[in-house]
Amino acid sequence: MKELLANENYMPQLTEYEEKPIKPDEVRVKCKYGAPKHGTEITGIKELPFEEKYYDEDLKMFLDREKKVSAAFSGLGNMWVGTITELGSEVLQYQLGDKVVGYGHLAETHVVKAKELLVMPENMTWKQAMCYDPMQFALSAIRDAGLRLGDKVLISGLGAIGQMAAQAAKAAGASFVAVSDPMELRRQTALENGADLAFDPLNGDMGYQLRRLTGGVGVDVVIETSGNYKAIEQGLRALAYNGNMALAGWFKECHIPIHLGREGHFNQQNVFFSRACSEPNRDYPRWDFQRICKESWDLLSTGKIYCENIVFPVVNFTECDKEYRYYIMEHPEKSIKMGVAF
C-alpha cells in the first residue's frame, strides 16, 4: 500500500506502508477520492510553525519546545471518501461497502474509529464532501464578521475557503459580493458560482473602485482568506466606516511594510481573527465547533453550496506526489483545491 508523506526535504513523496490490524471499535476503509488542504499544508511545509514552538491550551499562547520536533514524514492530505472493507467486532452501525468520509492524509486505506466517520448521503458528491473542511472556516468567518441581510461584501483570496465564503455570503443574504484574487482561474470560478464582481488586486485600486461603486460608503464586510498582509491593507481601504473584517487566513510573520494608520485608524474599522475550531466560539454556548461542523455538512449535503468546479484539477493517486508539487507548490494559479482519485 502507498501513502503521501512529506519526506526529509519536506517534499511530497509516495511511500510504502503496511496495513495494521483493526481494533474492535475501528473500521478499515479503502479510499476512492481525497484532497489536500493547500494553505495549511504549505504553511506546515515552508514555515514549520510547530517545530520549535507549541500552542499551550491553558495559557493560550505559543511557548518554546524543550526539544525540536521534526515534521518530516508526516502525511499530506486532509480528507478522503471511501468504502468500508473491514469492521471491528464492536461496530454495529455500519456494513461492509458503506460509503463514508473521514479526515486523514492521502493513502490507499485508512483505519479509523467508527464514531469519527461521516456518512455520505446518496445525493452528495465526493467533491462536496472534500469541501467540508474549508466550509467550516468560511462559515465561521461569515459569522464572526456579523454579516447581515443586505450587506455588501468583499471576499479576499479565492482558494477553497474564499470560494466557500463567497457562496455563503450570498446564501446569508448579501446584496453584493465582490471577490479578489490575482489568479484568473479562481476569479472566473467565483463569478461562475454567483459572485457579482471580481478584482485582480495587483491591477488597480480595488478599494477606491469599491467605494465609488457603493456611493462612497464602502463594503460592510470583508472576509480575508489569503493570509496576505497587503490584502489586509487593501481590504481596509474598501471597508466602510465601522465595518467588520474577519481574518480567516493563517498569517505568517510579516516581512513587508503595511500601513494601518490610514483607513483603519480614521474609519474606526473592526478586525477579527477568525478560526472555526478555536473554543469557546464567540457565540458560545449557542454555537461551538461541533455546531459549525454540523451546519457546514448540511449546507454541502443539501446542495446549497456548489463545489464541482472548486475541486480542480483531479489527479490520479499514482502520480499525486508529482502533481502535488506542480499544482500546489509550483503553479497554484492552475488549481483551486486539488482532488485525488484512487
Query raised in the report: Leu106 and Trp80: side-chain contact (heavy atoms from CB on, under 4.5 Å), yes or no, with the steps?
Result: CA-CA 7 Å; Leu106 294 168; Trp80 43 262; over 6 Å; no
Any Lys/Arg nitrogen of [X] or [Y] sitting under 4.0 Å from an Asp/Glu carboxylate oxygen of the other?
X	Y	result
Lys170	Asp196	yes
Glu51	Lys68	yes
Arg237	Asp205	yes
Glu184	Arg187	no
Lys115	Asp25	no
Lys322	Glu319	yes

What's the separation between atom [atom1] in [X] and atom [atom2] in [Y], rounded to the nearest 0.5 Å?
X	Y	atom1	atom2	answer
Lys99	Leu117	NZ	CG	14.5 Å
Ile292	Leu139	CD1	CG	6.0 Å
Asp133	Cys277	CG	SG	8.5 Å
Lys337	Asn78	NZ	CG	5.5 Å
Cys320	Arg325	SG	CZ	10.0 Å
Glu263	Tyr241	CD	OH	13.5 Å

Is [X] linked to [Y] within one hydrophobic cluster, defined over Ile, Leu, Val, Met, Phe, Trp and Tyr using a side-chain heavy-atom separation of less than 4.5 Å?
X	Y	answer
Trp287	Ile142	no
Met245	Phe251	yes
Ile305	Met130	yes
Leu299	Trp297	yes
Tyr326	Phe312	no

Would you please say whether a donor-acceptor pair under 3.5 Å links the side chains of [X] and [Y]?
X	Y	value
Asn244	Asp220	no
Glu308	Thr125	yes
Lys32	Thr83	no

**Report entry** Single hit among Val179, Thr189, Ile155 for side-chain contact (heavy atoms from CB on, under 4.5 Å) with Gln163
**Finding:**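 Running side-chain contact (heavy atoms from CB on, under 4.5 Å) over Val179, Thr189, Ile155 with Gln163 returns exactly one hit, Thr189.
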Query - Passing option when Arg28 is tested against Ile84, Thr85, Val112 for side-chain contact (heavy atoms from CB on, under 4.5 Å) - result: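 Output: one option passes, namely Thr85.
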Has the side chain of [X] got a donor or acceptor atom that lies under 3.5 Å from a matching backbone atom of [Y]?
X	Y	value
Thr43	Gly39	yes
Arg148	Ala172	no
Glu86	Ile22	no
Asn267	Gln269	no
Gln234	Gly207	no
Glu233	His259	yes
Glu224	Gly227	yes

With a cut-off of 6.0 Å (strictly less than), are more than 12 heavy atoms of other residues, nucleotides or ligands near [atom1] of [X]?
X	atom1	value
Phe73	CZ	yes
Phe62	CZ	yes
Glu330	CD	yes
Lys252	NZ	yes
Arg282	CZ	yes
Gln95	CD	no
Arg212	CZ	no
Lys46	NZ	no

Requested in this report: Under the side-chain contact (heavy atoms from CB on, under 4.5 Å) rule, what do Val119 and Tyr94 come out as? Steps first, then yes or no, please.
Outcome: CA-CA 9 Å; Val119 179; Tyr94 294 108; 3.7 Å; yes
Heavy-atom pair with the smallest gap, counting every atom of [X] and [Y]:
X	Y	result
Leu260	Ile232	CD2-CG2, 4.5 Å
Cys307	Leu300	SG-CD2, 3.6 Å
Gly157	Thr225	O-OG1, 2.9 Å
Met124	Met120	O-CE, 3.4 Å
Ala107	Glu3	CB-CB, 3.7 Å
Tyr17	Glu108	OH-N, 3.6 Å

Query - Option from Glu19, Lys30, Lys2 for which side-chain hydrogen bond (donor to acceptor under 3.5 Å, both in side chains) with Thr109 holds - result: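 Passing option: Glu19.
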Looking at side-chain heavy atoms only, is the closest gap between [X] and [Y] below 4.5 Å?
X	Y	result
Thr15	Asn7	no
Asp181	Ser226	no
Ile223	Leu147	no
Lys152	Leu213	no
Asn309	Asn193	yes
Leu96	Leu87	yes
Leu14	Phe317	yes
Ile310	Lys127	no

Query - Derivation and outcome, side-chain contact (heavy atoms from CB on, under 4.5 Å), residues Met1 and Glu16 - result: CA-CA 6 Å; Met1 295 292 179; Glu16 297 279 350; 5.6 Å; no
Requested in this report: Just say parallel, tilted or perpendicular for the rings of Tyr132 and Tyr103, cut-offs at 30° and 60°.
Outcome: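 It falls in the tilted class, 30° to 60°.
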Query raised in the report: Mind checking whether His110 and His105 have parallel, tilted or perpendicular rings, split at 30° and 60°?
Result: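 Correct class here is perpendicular.
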Query - Worked check of side-chain contact (heavy atoms from CB on, under 4.5 Å) between Thr40 and Trp250 - result: CA-CA 7 Å; Thr40 299; Trp250 189 1; 3.9 Å; yes
